[in-house]
Each structure stands twice: as C-alpha cells, then as structure tokens.
Amino acid sequence: MRMSHLFGQTLREAPADAEFKSHQLLVRAGFIRQLGAGIFSYLPLARRSLTKIENIMREEMDAIGGQEMTMPVVHPADIWKETGRWYEVGSEMGRFKDAGGRDMVLAMTHEEVVTDLVRNIIHSYRQLPALIYHIQTKWRDEPRSRGGLIRVREFTMKDSYSLDADWEGLDKQYWAHYQAYFNIFRRCGLDVIAVESDVGMMGGKLAHEFMYLSPIGEDTLVLCDACGYTANRQVAVFRKQAEDADEAPKPLEKVETPGVTTIQALAQFLNIPESKTAKAVFMVATITEGQEDVEKFIFAVVRGDMDLNETKLSNAVKAKALRPAHEEEIRAIGASPGYGSPIGVRREGVIVVVDDLIPASPNLAAGANEDGYHYINTNYGRDYTADIVTDIVAAADGYPCSECGAALRTERGVEVGNIFKLGTRYSAAMNATFLDKDGKQKPVIMGSYGIGSGRLLACVAEEYNDEYGLCWPITVAPYQVHIVALRGGFDAAEQVYADLQAAGVEALYDDRTAPSPGEKFNDAEPHRRSFAHHRGRSFAQAGRRGIEAPHRKGAGLDSA
RNA sequence: CGGGGCGUAGCGCAGGCCGGUAGCGCGCUUGGUUUGGGGCCAAGAGGUCGCCGGUUCGAAUCCGGCCGCCCCGACCA
C-alpha cells in the first residue's frame with residue numbers, strides 16, 4: 001500500500017476525551033474514528049489488523065471442528081419472547097418495530113437464532129455433535145460505554161455454538177474451546193488468564209471468562225497464588241472462619257447508641273471488632289413471577305467486616321434487577337437506615353437473605369430498627385430466621401482461599417472472551433430436540449463461546465505500546481514491513497517495494513514526497529509496523545548499510 | 001438513571017463575566033526553500049460558534065428548553 005493513498009490520517013494530538021492509551025494511539029495512528037457514543041468506524045489499518053485477528057480465530061475454530069456461517073443482525077422479537085429474554089433483558093437490548101408494526105431485536109448475541117436453526121435442521125443424534133460459529137456485529141446498549149474500543153455498544157464478535165447429544169459431548173467441546181481460546185490470545189500476543197465467572201444473562205451452568213490483566217479493567221479478579229484458584233469477584237468464594245464459634249449465646253440486650261450509624265462507629269462505640277457485628281443491607285430486587293415483574297424488598301445480612309456481593313445476592317433471589325433501597329422503602333418495612341435489624345421487621349413482600357457465616361457467629365451486635373438503638377448478642381435462629389441462608393459476601397484481598405487457605409489477591413482485568421455451558425436452557429425453551437439412540441426426543445445440549453475482536457485489538461494496543469506509539473505483534477500488525485522513502489532513495493525504495501510485493505510480503509510504502517524525514521518517521525511510529533526499512537541517500541551511497549530494521553517490543557519476526 | 005464537565009475550522013484550544021469585524025497552534029492548499037526525527041518564508045482555503053426559542057437596535061457571549069459527547073457512580077457481561 002502506498003501511503004500517499006492510504007485512507008486515514010495520523011494526528012499529532014489525541015482527542016481530548018480519549019482516556020486509555022489504546023484509545024489515544026488507535027485514533028492518533030489513524031486506525032479508528034468515533035461516530036457516536038460507543039460507535040466506531042474502523043479505517044483501513046484497523047480493518048487489516050481485525051482481519052488478521054479474525055483469521056486467527058477462524059483457524060482455531062476450524063481446528064476444533066467449527067463451521068463458519070453468518071446469522072442475521074436483525075431478529076424478529078418472537079424468538080426472544082420464546083426464550084423469555086425479551087422480558088428478562090432490560091434497556092440493554094436494542095428494540096424497534098418494522099414497517100408492519102412487528103417487534104424486532106438488534107442482535108446482542110445469537111443463541112435464539114442458533115436454536116431456531118437447530119430445531120429446523122437437527123433431527124437425529126447422528127447429526128451431533130456439531131460446532132458452528134460466525135463473526136458478526138452485535139448491539140448492546142451499554143448505559144455507559146467508555147474507553148475507546150474496550151467498551152463499546154456496537155461491536156464485532158466471534159461467537160460459536162456447540163451442539164451435543166449428551167453432557168460428555170458438551171464437556172468435550174467446552175474444554176476444546178478453553179484451549180482454543182488460549183491459542184487465539186497467545187497468537188495475538190496477549191497474555192490472559194481464565195477465571196470462573198457468573199453466567200449472567202446467558203443463564204448457563206458453568207462459565208469461564210478470559211481476562212487480560214490490566215489496571216484499566218473493569219472487572220475485579222480474585223486470585224490465589226498458592227493453588228491457582230481464579231475467579232471473577234462476582235462469583236469468587238473463600239473459606240469462611242467464624243469468630244468465637246463455640247461461644248455460648250448471651251441474652252439479647254438493647255443498648256442506646258446515639259448517632260452511631262456505621263459499622264465502624266458501632267464497633268468503636270461498643271469496643272468490639274467489626275467481625276462481632278452484623279450489617280444490614282437493603283436492596284430492592286425485580287423478580288419475574290410468571291409473565292409479571294414484581295419488586296421485592298431484600299433484607300440482606302452480612303458480617304459487619306465484610307461486603308455484600310450483589311451478584312451472589314441477585315442470583316440467590318433470582319433477580320432480574322437489583323438496586324439499593326430508598327429510605328422510604330426501608331422505613332416502610334419497619335426498619336431504620338443505620339440501625340437496621342432482621343429482628344422485628346415486616347416479612348410480607350420482604351425476602352430476608354442471611355450470609356451463611358452469620359448462623360455460625362454467636363452474639364453479634366446489630367441494629368434495633370429504632371433510631372439511636374442497637375441490639376447486642378443477636379443470635380441467628382434464636383432471635384430471627386431468614387428466608388434464604390447462603391453465601392452472599394464478596395471475596396477481598398487477604399481472605400483465605402477456599403481451596404488451600406492461602407491469602408487471596410485481587411487484580412483488575414478486561415474480559416476479552418468467555419465460554420458458557422448453556423445446557424438445555426434454549427433448546428428446551430424453543431423445543432429444539434433430536435431423536436436419540438434410545439428413540440426418545442431430547443433437547444440439544446448447547447454451549448456458547450465468544451470473543452470480541454475489537455476489544456481484543458484494543459487490549460493488544462494497550463499492551464504493546466511505548467513512548468513513540470503502537471508496536472504491534474507481527475501477527476496483528478496491519479503490514480509486516482514499513483518502507484520509508486527519503487530523498488535520494490526513492491528509486492531504491494520503489495524497487496524494494498516491488499520486490500516485497502512480488503514476494504508476497506505485506507508492505508506499507510511511504511512514497512510521499514512532501515513530508516520531511518522527521519515527519520515520515522514520526523508518522524511511522526504510531527502506526528508502528530514491526531519493522532521500518534528506510535531508503536535514502538545513504539542507502540544509495542552505501543548499499544545495504546542504508547537499511548535499518550529497528551526491532552522493538554512486539555516484533556516477532558527474524559530479521560531478513 | 002443520579003452527580004459533574006464540555007460543545008467555537010479536520011485535531012488541540014482561546015474569546016464568553018463586561019453583547020458590537022470570528023481568533024491562535026497544528027493539520028490542509030499553492031509557491032519557494034529545506035531534507036535522517038513533525039524545519040523555514042510567503043500567500044490561501046476552511047466556521048449555520050451543537051439545535052430551537054427568548055431578551056436586545058445588535059447574541060458565540062445573557063436567559064429558557066432540547067440534543068450530543070466525556071468523566072464519576074448506579075447498571076450490564
């Protein structure tokens with residue numbers, strides 16, 4: 001490609017609103033332009049890199065038996081109504097009506113379409129297992145897109161779907177993806193770790209996320225260096241140790257605690273550790289009952305020194321949405337903000353969820369549902385009971401690992417891929433069944449697996465840059481070679497460019513006559529091919545010594 | 001959705017309080033000069049000052065509404 005005709009422009013300054021390195025550099029280097037919030041155009045350079053990433057994904061998918069296809073971006077809402085997601089997913093789903101007034105959906109993922117195909121095509125166990133995939137545009141109306149290509153609303157994703165007759169088959173395809181994903185990220189030059197994750201709106205059984213560790217990540221990961229346990233904080237578990245578990249229950253007592261509305265203040269006031277207190281957290285959950293959404297007040301109790309994990313709580317009550325309760329709602333059930341207590345609150349329309357550490361923890365201080373008063377020596381079972389007792393606490397730095405007891409550590413990460421064991425959630429809902437060997441109709445067992453190509457590109461950019469600009473791994477670089485022609489060397493550069501093209505090497509040739517050498521070099525930097533070959537006067541004079549091949553971080557090809 | 005900020009040339013910004021000719025740097029065009037890290041000189045092109053309404057003789061500037069974008073939080077995977 002001749003740079004004189006390359007569509008795109010390098011910028012000296014990044015747009016003021018670009019926060020992350022990857023965003024700044026991708027814009028400055030002429031890879032992307034923003035059209036609207038979370039909506040980008042991908043210029044020729046970016047397209048080339050994306051194509052390379054997508055071809056790597058194709059190769060790895062094909063290697064585990066995948067067949068590429070293409071499914072539509074616009075779906076009739078009917079199939080989403082069949083699985084219930086039309087009702088379950090909120091404003092994140094793009095919806096509109098077609099000219100005939102029919103409800104339509106912009107694809108946010110493709111389980112429904114796959115399942116519709118499956119019920120029309122798969123009839124017999126003889127057609128299974130199968131693996132299909134496509135690379136297609138998705139729309140997710142994130143309430144808050146940000147960070148350039150890291151978090152966008154319109155994006156392209158490689159998503160694959162496994163179809164099996166039995167659970168062993170699903171397991172096999174799941175772990176095949178697990179390995180294939182590591183291969184894909186490694187070939188793109190990106191180090192990732194796999195963590196156990198929440199199944200979220202996919203509603204499956206087992207899920208892993210592939211995380212690029214970076215401070216810009218929006219997910220918190222919980223890691224154990226001793227045994228290798230890794231999980232998204234949303235689902236991370238840890239070993240719970242009760243404090244004074246064998247202490248005998250003491251009599252319940254109401255004490256005056258004026259102005260003491262926080263756990264910290266309470267512990268200080270009573271001169272006890274925070275671990276000897278119980279914390280009440282008030283939430284309101286939207287729960288689907290039949291076709292209807294109802295709001296339920298959630299009264300959650302965790303030990304005072306720990307934090308509520310909203311994902312765990314949300315899963316425990318099967319909530320579609322969860323938000324903090326307003327003060328009026330709290331008062332309405334007979335509780336008092338700052339002095340909340342599970343003892344003596346209204347129970348109708350209220351779900352009391354208690355962390356499983358609480359029943360093992362005797363004599364905790366808690367609120368008295370009366371401004372200015374707390375109870376001491378509350379004991380679960382004797383003083384109050386819950387509708388649900390389960391783990392609803394967030395793991396944190398230093399907590400003991402559930403596997404080995406060593407101290408856990410947290411890190412930030414960006415989710416670049418995920419794999420889900422869906423099971424029969426979609427096939428059962430949409431009646432996608434096959435006739436098995438034993439002559440029985442059974443729902444197809446499914447898995448779904450995604451990697452966002454733009455986000456992956458952004459993460460690679462985030463990882464591979466230096467003070468001059470981007471320095472792509474050769475597998476992702478838009479061009480393998482960058483030739484800069486300087487005065488006195490144009491003829492030689494033309495020749496090299498022709499030779500490289502003839503040899504099938506992807507070359508970007510800066511044939512522009514106007515810019516000064518400094519400009520051309522600087523223009524080459526943010527583009528950052530892995531090599532820059534310069535042809536100039538010195539080349540004409542000194543022959544091969546005029547060739548320079550700077551080898552920087554990210555370059556992955558031996559010098560020719 | 002809550003809080004905050006910003007919309008003036010392709011990019012980065014000034015002007016706004018105190019209403020009266022639309023400005024700077026970079027980029028772009030033309031000519032000259034220069035040529036190994038964004039050099040220099042000269043001449044140009046390019047703007048419904050986000051949109052709608054109001055106040056006023058007169059609005060980029062003051063007032064109201066709306067839209068868009070960014071950040072923090074909530075949310076989501």
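What you are looking at is a predicted structure, and each value in this text was computed from that prediction instead of being measured.
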A:Gln34 vs B:C70: side-chain N/O to OP1/OP2 distance below 4.0 Å: yes

Should the ring pair A:Phe297 and A:Phe282 be called parallel, tilted or perpendicular, given that the plane angle runs from 0 to 90° and is split at 30 and 60? tilted

Please tell me which of A:Arg153 and A:Asp219 maps to the more 5' nucleotide of RNA chain B, matching each residue to the nucleotide holding its nearest heavy atom. A:Arg153

What's the CG-C1' distance between A:Leu11 and B:G27, to the nearest Å? 9 Å

Quantified in whole Å, what is the C1' atom distance between nucleotide B:U48 and nucleotide B:A42? 32 Å

Using whole Å, report how far CG of A:Asp17 lies from C1' of B:C69. 7 Å

Lys/Arg cation over aromatic A:Trp86: A:Arg95, 6.0 Å, 45° cone: yes

Can you check the distance between B:U29 and B:G15, where both ends of the measurement are the P atom (answer in whole Å)? 31 Å

Atom CE of A:Met211 to atom P of B:A77: distance rounded to whole Å? 13 Å

Could you let me know what B:C26 is paired to, Watson-Crick or G-U wobble, both distances under 3.5 Å, or none if it's on its own? B:G10

Just label B:U21 as syn or anti from its O4'-C1'-N9-C4 or O4'-C1'-N1-C2 angle, using within 90° of 0 for syn. syn

Has the side chain of A:Glu218 got a donor or acceptor atom sitting under 3.5 Å from an opposite partner on the base of B:A77? no

Separation of B:A77 atom P from A:Met93 atom CE, nearest Å, is 11 Å

With a 4.0 Å cut-off on heavy atoms, is A:Gly36 in touch with a base, just the backbone sugar-phosphate, or nothing at all? sugar-phosphate

Measure CD/A:Glu13 against C1'/B:C26 and give the value in whole Å, please. 7 Å

To the side chain of A:Glu19, which of B:C76, B:A77, B:C71 is closest? B:C71

If the C1' atom of B:C24 is compared with that of B:C69, how far apart are they to the nearest Å? 24 Å

Regarding A:Glu209, tell me which of base, sugar-phosphate or nothing describes its non-hydrogen contacts under 4.0 Å with the strands shown. base

What nitrogen or oxygen pairs link the protein and nucleotides 45-51 of chain B at under 3.5 Å?
none

Does A:Trp472 have its ring centroid less than 6.0 Å away from the ring centroid of A:Tyr479? no

For atom CZ of A:Arg323 and atom P of B:G73, their distance in whole Å: 21 Å

Is the closest side-chain heavy-atom distance between A:His208 and A:Tyr174 below 4.5 Å? yes

Can you say whether the rings of A:Tyr497 and A:Tyr509 are parallel (under 30°), tilted (30 to 60°) or perpendicular (over 60°)? tilted

Quick check: are there more than 12 heavy atoms from other residues, nucleotides or ligands sitting under 6.0 Å from CG of A:Asp491? no

Nucleotide opposite B:G46 in a Watson-Crick or G-U pair, distances under 3.5 Å: none

Any strand is fair game: report the nucleotide pairing with B:A59 by Watson-Crick or G-U wobble, both distances under 3.5 Å, or none. none

From the candidates B:A77, B:C76, B:C69, the one with an atom nearest any side-chain atom of A:Phe420 is B:A77

Nearest-neighbour nucleotide for the A:Gln9 side chain, B:G27, B:A77, B:C11 considered: B:G27

Looking at A:Phe155, is A:Lys138 sitting on its ring face, NZ or CZ under 6.0 Å from the six-membered ring centre and within 45 degrees of the normal? no

Selection from B:A77, B:C70, B:C11 that lies nearest to any side-chain heavy atom of A:Asn418: B:A77

Does A:Gln264 CD have over 12 foreign heavy atoms under 6.0 Å away? no

Residue closer to the 5' end of RNA chain B, A:Gly518 versus A:Ala37 (nearest nucleotide): A:Gly518

For nucleotides B:C62 and B:C6, find the distance between their P atoms and express it as a whole number of Å. 12 Å

For the residue pair A:His134 and A:His110, does the interplanar ring angle fall in the parallel (under 30°), tilted (30 to 60°) or perpendicular (over 60°) class? perpendicular

Rounded to whole angstrom, note down the P distance from B:G12 over to B:A59. 29 Å

Gap between atoms CG and C1', on A:Asn315 and B:A77 respectively (whole Å): 13 Å

In whole angstroms, the gap separating P of B:G27 from CZ of A:Arg33 amounts to 15 Å

Using the side-chain heavy atoms of A:Glu142, tell me which of these nucleotides is nearest: B:C76, B:C70, B:A77. B:C76

If you measure from the P atom in B:U61 to the same atom in B:G54, how many Å do you get, rounded? 14 Å

Using the six-membered ring wherever Trp is involved, compare the ring planes of A:Phe40 and A:His23 and label them parallel, tilted or perpendicular (cut-offs 30° and 60°). perpendicular

Would you classify A:Arg151 as touching base, sugar-phosphate or nothing, given that sugar-phosphate means primed atoms plus P, OP1 and OP2, and contacts are heavy atoms under 4.0 Å? base

Is A:Asp141 touching bases, backbone alone, or none of the nucleic acid, heavy atoms closer than 4.0 Å? nothing

So what's B:C1 paired with, Watson-Crick or G-U wobble, going by both distances under 3.5 Å? B:G73

What interatomic distance, in whole Å, is found between C1' of B:C70 and the corresponding atom of B:A77? 23 Å

Suppose we define a pair by two distances each less than 3.5 Å, Watson-Crick or G-U wobble; what does B:C17 pair with here? none

When you compare B:A60 with B:A45, how far apart are their C1' atoms, in angstrom units rounded to a whole number? 22 Å

